[in-house]
Amino acid sequence: MRILSIVGARPQFVKLGPIARAFRERSDIDHVIVHTGQHYDPLLSDVFFSDLGIGKPHVHLGVGSGSHGEQTGAILSALDSVLSEYAPDWVLVYGDTNSTLAGAVAAVKLHLPLAHLEAGLRSFNRRMPEEHNRVLTDHAADLLLAPTQVAMQHLKDEGLSSRARLVGDVMTDVCFATRDAVANQNPTLPEGVLGDYVVATIHRADNTDDPDRLSAIIEALAVLSVPVVLLTHPRLRAKASAFGIPLTQGSIRPTDSLAYPQMLRTVQCAAGVVTDSGGLQKEAFLLQTPCTTIRTETEWVETLADGWNVLDPTLALVREAAARPRPTAKQAMPYGEGKAAELVAQTLVQEGR
Ligand code: UD1
């Protein structure tokens, strides 16, 4: 059976890691990887392929940046000939980016069976491009591979139960395996950072694209009582520079994005995380580091149990990000034990017959 994965942005490369490994271990799967080129900076792309042992993509579309319409349209039109050439038994799309939606539309237009990994997540915030992408992809797909019970319920509420399968969360697979592999390493910290520190990332359009909002977030981070290791996404750097907002302020130590293994170790050793990333909220939860999320809602609602993660759209809690104690109750395992990718492979083979 031939399965063609379409990926393009950083979180998708992380999910592809355990999937590529699980597919490699089966003689009945021929796996083709298509990289759309949505993320092209080596730190956002190449390092994930090498660190997670994925190997080179078979096809690179090289679409690069643009408005949502331009980017989605460019991927869609470039995919036609690729999908026709490889004629896969399944097209597999991941998560909620513009690459996901373009891959989904390209597949259904060519009548190719479409599977969506990480189906059923919802923020119910229609301002987020990711929300349109995931809702539209779920409704287009033939097979919905859901990570959690909550995701299964969302799919049921939308009349999609018959196509939904609970497979668990592949990000947990790669998170646990990598955590164990780097358990003896030191965290990767900017020079001069010793003792307690907070890891921060900000990249959502709602937080970066309005100068007042971005300025308020940077000021809230600057007054923390411990160093704030701010991992700067290209969008954050571009917007801060365009608005004349210096990132080196107070406690903030801006630094480049980290490769995945170093990122996990640095988060695991941190006193707290402040973020607007979906994936990082969950990684903080899995690594048992308290997280403060600068958003009004989260798709990963399980992380809120016992206070491991708190939503802080008004920036009232950021100041305490390093001081919040780790919850003491035994943590539940809503994201599985780290074996989801094998089940994804098995489900695709069974359902593809
Ligand atoms: C995308 C995803 C988001 C995901 C995030 C992870 C969509 C709608 N959003 O957001 O869900 O959480 O990736 O990072 O697909 N840029 C570079 N180099 C790159 C990539 C981007 O400089 O390698 C710059 C460009 O100026 C670009 C901007 O960053 O316009 C935003 O990049 P884009 O891929 O459009 O969205 P992200 O904000 O990364």
Side-chain angles (χ1 to χ4, degrees), residues 6-17 34-49 57 60-76 78-79 93-106 116-119 121-123 125-138 171 199-210 213-214 217 230-243 247 254 256-260 263 273 275-284 291 293-295 297-300:
I6 299 174
V7 291
R10 178 169 56 180
Q12 294 165 330
F13 309 142
V14 174
K15 291 162 203 159
L16 176 63
V34 177
H35 187 322
T36 65
Q38 176 171 349
H39 282 178
Y40 42 88
D41 282 356
L43 283 179
L44 292 189
S45 172
D46 306 11
V47 294
F48 291 87
F49 283 82
H60 198 296
L61 304 178
V63 298
S65 302
S67 68
H68 289 292
E70 283 165 350
Q71 193 174 53
T72 310
I75 300 168
L76 179 54
L79 276 173
V93 294
Y94 298 63
D96 56 20
T97 73
N98 292 338
S99 297
T100 315
L101 178 61
V105 176
H116 183 204
L117 183 78
E118 216 174 69
L121 291 192
R122 296 291 180 266
S123 67
N125 175 355
R126 297 299 289 250
R127 280 187 50 82
M128 291 175 67
E130 293 81 5
E131 186 73 355
H132 320 145
N133 290 342
R134 55 172 88 97
V135 171
L136 292 167
T137 301
D138 279 343
M171 279 185 77
V199 172
T201 76
I202 300 295
H203 77 276
R204 299 243 166 238
D206 266 359
N207 284 332
T208 56
D209 292 8
D210 171 55
R213 175 72 178 162
L214 182 56
I217 293 172
L230 176 63
L231 304 169
T232 55
H233 184 282
R235 180 197 281 283
L236 172 63
R237 281 200 300 274
K239 294 292 176 183
S241 149
F243 301 148
L247 293 178
D256 280 341
S257 305
L258 292 176
Y260 185 71
M263 176 72 177
V273 165
T275 191
D276 59 5
S277 151
L280 184 52
Q281 288 169 53
K282 195 175 52 192
E283 281 155 359
C291 182
T293 297
I294 306 186
R295 281 180 52 191
E297 73 289 303
T298 177
E299 300 81 12
W300 301 107

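Both ligands and their constituent atoms are indexed starting at 1 by order of listing.
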- Tell me which part of Thr97 gets within contact of ligand 1: side chain, backbone, both or neither, using heavy atoms under 4.0 Å.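 Both backbone and side chain.
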
- Query: Heavy-atom contacts under 4.0 Å between Pro11 and ligand 1: side chain, backbone, both, or neither?
  - Reply: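 For Pro11, the contact with ligand 1 is made by the side chain alone.
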
- Query: Which class fits the ring pair His233 and His203: parallel under 30°, tilted 30 to 60°, perpendicular over 60°?
  - Reply: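 Rings of His233 and His203: parallel, under 30°.
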
Could you identify the single nearest non-hydrogen protein atom to [atom] and state the distance to 0.1 Å?
atom	result
atom 7 (C) of ligand 1	Gln38 NE2, 3.6 Å
atom 4 (C) of ligand 1	His203 NE2, 3.9 Å
atom 24 (C) of ligand 1	Pro234 CB, 3.7 Å
atom 17 (C) of ligand 1	Tyr40 OH, 3.2 Å
atom 20 (C) of ligand 1	His39 CD2, 3.4 Å
atom 8 (C) of ligand 1	Asn98 OD1, 3.4 Å

- Item | Shortest non-hydrogen separation from Thr232 to Leu247 and the atoms involved |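 Closest approach of Thr232 to Leu247, heavy atoms only: CG2-CD1, 3.9 Å.
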
- Item | Atom of Leu231, atom of Met263 and distance for their closest heavy-atom approach |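 Residues Leu231 and Met263, closest heavy atoms: CD1-SD, 3.3 Å.
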
- Applying salt bridge (charged side-chain N to carboxylate O under 4.0 Å, His left out), name anything that partners Glu283, two or more places apart in sequence or on another chain.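 Applying salt bridge (charged side-chain N to carboxylate O under 4.0 Å, His left out) to Glu283 gives none.
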
- Query: Please, which pairs that meet salt bridge (charged side-chain N to carboxylate O under 4.0 Å, His left out) have at least one residue in residues 7-17, sequence neighbours excluded?
  - Reply: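 As it turns out, the salt bridge (charged side-chain N to carboxylate O under 4.0 Å, His left out) pairs with a partner in residues 7-17, which skip direct neighbours, are Lys15-Glu118.
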
Could you tell me, atom by atom, which parts of ligand 1 come under 4.0 Å of a heavy atom of [X]?
X	answer
Asp96	11 (O)
Gln71	34 (O), 35 (O)
Leu44	19 (C), 20 (C), 23 (O)
His68	8 (C)

- Closest to atom 30 (O) of ligand 1 among Gly64, Ala238, Ser65 (heavy-atom distance):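 Looking at heavy atoms only, Ser65 sits closest to atom 30 (O) of ligand 1.
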
- Message: Can you check which of His132, Arg235, Glu130 brings a heavy atom nearest to atom 36 (O) of ligand 1?
- Response: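 The nearest heavy atom belongs to Arg235.
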
- Presence of salt bridge, Asp138 and Arg122, under 4.0 angstrom: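 A salt bridge is present here (some side-chain N lies under 4.0 Å from a carboxylate O).
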
- If you measure from NE2 on His39 to OG on Ser99, what distance do you get to the nearest 0.5 Å?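 Reported to 0.5 Å precision, the distance equals 8.0 Å.
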
- Criterion side chain to side chain contact (heavy atoms under 4.5 Å, CB included) on Asp276 and Thr293, from CA distance to verdict: CA-CA 5 Å; Asp276 59 5; Thr293 297; 5.6 Å; no

- Would a distance-only check, ignoring hydrogens and angles, find a side-chain to backbone donor-acceptor pair under 3.5 Å from Glu70 to Ser67?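 Yes; judged by distance alone, with no hydrogens or angles, the pair exists.
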
